[in-house]
Amino acid sequence: MDINSSRYVAAGRVNLLAIVILSRGQCGLSTCTTRYLVAMATADLLFIVTDVILRRISYYYFPISFLNITPVCSVINVLCHAATDCSVWFTIVFSFDEFVAICCQKLKTKYCTKKTAAVVLATTCILLCIKNVPFYFPFKPAEIMNNVPWGCVIKPIYFTEPGWVGFDWLDTVLTPLIPFVLILLLNALTVRHILVASRVRKGLRGQNKWENDSDPEMESRKKSVILLFTISSNFIFLWLLYVIYFLTCNITVIYLEDNTHPFYIYGQVGMMLQVLSCCTNTFIYGVTQSKFREQVKNAVKYPVTSAIQLINKLNH
């Protein structure tokens, strides 16, 4: 297994750990926020399973396996695209939930609930899975052995047929062009609201000299904003090169096969960062959330402490 594959597999393990820790609900986050974060970690884990393990690792290390039969690898391709879309759009619905929680106090009580989060996540997942079903059809077998089709090669008409070209544009517009715009818009509105609210609260607290200088509400809001902005910024940074590469290729109609050309290398770096974006949210939780770090430490210590307790019991 190469270094990159090993890193993605390790990221998958970390995502699994994040799912377990967040699901326990002991990280100091609201149940609504926790559901979104669990969904995001699950989508990231599914992406690693489908794209890295089932597609890349199986192709390089197990070329003659049932995973490389044309219908099977076509299904894997659909699942990979669906997992990528879910990872991106779960970030969007999480950002919108945080925007409502911070900026829309009247709507907050109705929208920021466990039930609404479950409905939004389920609806988003179903729609994205349906949207990616066409990705099953643009492939043909690389070869046929004993009447069994092997491999998945993209049909030439995918790049020339107006329907497929339009679908490819639609796919990129939905992921990540529209999410780019939505995240920038939501973050801008959130920052504007926070600045206005901060001025008002400072003015009110300035009139009440007897109050303690600490402001629990602003501290709580600050933690939510840090988490929101870190996840959003991470998404924008890691998808930016891929978006520029896609737009440049389609606007200028450049398609390079020379893997030594700088623009080709630029595109590969963009794709690498795009893949990496589905593996980083868990690390963000660890950096921005102290209680999440505490839970991770407890999870790591648990096998050791359990073994020590068992040894002590056996000795006594």
Side-chain angles (χ1 to χ4, degrees), residues 1-53 57 83 86-88 90-91 93-95 97-98 101-102 112 114 117-118 121 214-238 273 275-316:
M1 188 181 297
D2 59 27
I3 295 177
N4 289 330
S5 298
S6 300
R7 288 174 179 173
Y8 288 127
V9 171
R13 294 170 182 167
V14 174
N15 275 316
L16 182 60
L17 177 63
I19 293 171
V20 174
I21 291 175
L22 290 169
S23 298
R24 297 179 63 191
Q26 298 180 3
C27 295
L29 300 169
S30 67
T31 54
C32 183
T33 298
T34 299
R35 285 199 172 186
Y36 284 111
L37 295 182
V38 170
M40 292 162 63
T42 303
D44 292 347
L45 177 62
L46 290 176
F47 172 81
I48 293 172
V49 170
T50 55
D51 185 78
V52 179
I53 297 177
I57 293 179
C86 285
S87 178
V88 171
F90 286 172
T91 302
V93 295
F94 164 72
S95 300
D97 177 79
E98 291 298 299
I102 295 172
C112 299
K114 293 189 295 183
L121 291 170
S214 63
D215 190 342
E217 181 177 340
M218 292 303 296
E219 289 297 322
S220 176
R221 183 174 296 179
K222 181 180 178 181
K223 292 181 181 179
S224 298
V225 169
I226 290 174
L227 178 61
L228 170 63
F229 285 178
T230 306
I231 290 177
S232 301
S233 301
N234 172 74
F235 169 79
I236 292 173
F237 173 75
L238 294 179
L273 292 177
V275 171
L276 184 63
S277 70
C278 296
C279 313
T280 54
N281 283 339
T282 302
F283 298 99
I284 292 174
Y285 308 152
V287 172
T288 60
Q289 302 294 310
S290 57
K291 290 188 178 181
F292 180 85
R293 293 196 298 272
E294 292 177 6
Q295 293 296 316
V296 172
K297 291 178 183 178
N298 293 335
V300 172
K301 292 178 181 177
Y302 179 76
V304 178
T305 55
S306 298
I308 293 174
Q309 291 176 358
L310 179 61
I311 293 172
N312 290 334
K313 288 182 180 180
L314 293 176
N315 290 335
H316 290 84

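These values consider heavy atoms only, across backbone and side chains, with no hydrogens, waters or symmetry-generated copies. Just so you know, residue 1 is the first one in the sequence shown, and it goes up from there.
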Roughly how far, to the nearest 0.5 Å, is the [atom2] atom of [Y] from the [atom1] atom of [X]?
X: Leu121; Y: Met40; atom1: CG; atom2: CE; answer: 10.0 Å
X: Leu46; Y: Thr50; atom1: CG; atom2: OG1; answer: 7.0 Å
X: Phe235; Y: Thr230; atom1: CZ; atom2: OG1; answer: 15.0 Å
X: Gln26; Y: Gln295; atom1: CD; atom2: CD; answer: 5.0 Å
X: Tyr36; Y: Ser95; atom1: OH; atom2: OG; answer: 10.5 Å
X: Phe90; Y: Arg35; atom1: CZ; atom2: CZ; answer: 13.0 Å

**Asked** Between Ile21 and Cys27, does a side chain to side chain contact (heavy atoms under 4.5 Å, CB included) hold up when you go through it step by step?
**Response** CA-CA 8 Å; Ile21 291 175; Cys27 295; 3.8 Å; yes
**Request:** Apply side chain to side chain contact (heavy atoms under 4.5 Å, CB included) to the pair Leu16 and Ile48, showing each step before the final yes or no.
**Result:** CA-CA 11 Å; Leu16 182 60; Ile48 293 172; over 6 Å; no
**Asked** Per the side chain to side chain contact (heavy atoms under 4.5 Å, CB included) rule, which among Val38, Leu45, Asp44 passes with Thr42?
**Response** Val38
**Asked** Would a distance-only check, ignoring hydrogens and angles, find a side-chain to backbone donor-acceptor pair under 3.5 Å from Asn298 to Glu294?
**Response** yes
**Request:** Identify the two heavy atoms, one from Cys32 and one from Ala117, that lie closest to each other, and give their separation to 0.1 Å.
**Result:** SG-CB, 4.0 Å
